[in-house]
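Notes to accompany the following structure.
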Amino acid sequence: MTAHQPNHARVIPLRRGPAPSGPAPSGPTAARPSDPQAAPREPLWRHLVGDVLRKERQVQERTLKDVADAARISMPYLSEVERGRKEASSEVLAAAAGALGLGLGDLLARTHAELVRVTSRRTPVGARPVVRDGSANKGLCLAA
């Protein structure tokens, strides 16, 4: 018989740096607490959508159960969507938005505005600021 070599899996990290210990940081832009120099991560769309839904529900002073019943989705699932733990389908998002008196377009527009707000607070070192009026290129636009 031949001796068997142990089967070791090769782990390839997706991010540079040490692996985080403990639960993952919460919030759309949370950095790992073990690395104080780490830049904030890009927010996930599901976190932003959930924040917008939760804020609108709270502004209307409505309960999670009330909105879930009106949207005809389960209360635990709506809770998971609001916390950014579930990637909801467009049908579920439309139902939740409709229960809050919003259209799907309204929800997406508010989420986009939140994304712009969150990401514009930080500019990476060496990055050029975004110019929206075209003045940086003196009106010249090239397309490939």
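Excluded from the calculations below are hydrogen atoms, water molecules and symmetry mates; all remaining heavy atoms, backbone and side chain alike, are included. Because the structure is predicted, anything quoted here is derived from the model rather than measured.
- Residues Lys86 and Tyr77 come closest through the heavy atom pair CG-CE1, 3.8 Å.
- Of the possible donor and acceptor atoms, one in the side chain of Arg46 sits under 3.5 Å from a partner among the backbone N and O of Gly84.
- Classification of Asp51 and Lys55 as a salt-bridged pair fails, no side-chain N sitting under 4.0 Å from a carboxylate O.
- A salt bridge between Arg62 and Glu56 is absent, with no side-chain N of the basic residue lying under 4.0 Å from a carboxylate O of the acidic one.
- Separating the CG atom in Leu107 from the CG atom in Leu100 is a distance of 8.5 Å, to the nearest 0.5 Å.
- One distance of note links CG of Leu108 with CG of Leu48; it measures 11.5 Å at 0.5 Å rounding.
- The closest side-chain heavy-atom distance from Glu82 to Leu64 is below 4.5 Å.
- Taken from NE2 in His47 to CZ in Arg85, the straight-line distance is 8.5 Å, to the nearest 0.5 Å.
- The two residues Ala99 and Ala70 have their closest heavy-atom pair at CB-CB, 3.7 Å.
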Open item on the list: Go through it in stages, so that I can follow the logic: the residues are Met75 and Ser79, the test is side-chain contact (heavy atoms from CB on, under 4.5 Å), and I'd like the CA-CA distance, side-chain angles, deciding distance and then a yes or no.
Closed with: CA-CA 6 Å; Met75 188 175 70; Ser79 174; 5.7 Å; no

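- Counting heavy atoms of neighbouring residues, nucleotides and ligands inside a 6.0 Å radius, atom CZ of Arg83 exceeds 12 of them.
- Residue Thr119 comes nearest to Pro43 through the heavy atom pair CG2-CD, 3.9 Å, listed as atom of the first residue, atom of the second, then distance.
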- [ ] Could you check Leu102 against Arg110 for side-chain contact (heavy atoms from CB on, under 4.5 Å), going step by step and ending with a plain yes or no?
- [x] CA-CA 10 Å; Leu102 302 172; Arg110 289 182 184 193; 3.5 Å; yes

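- Here Arg57 contributes atom CZ and Asp66 contributes atom CG; the two are 9.5 Å apart, rounded to the nearest 0.5 Å.
- Closest approach of Leu104 to Ala94, counting heavy atoms only: CD1-N, 3.9 Å.
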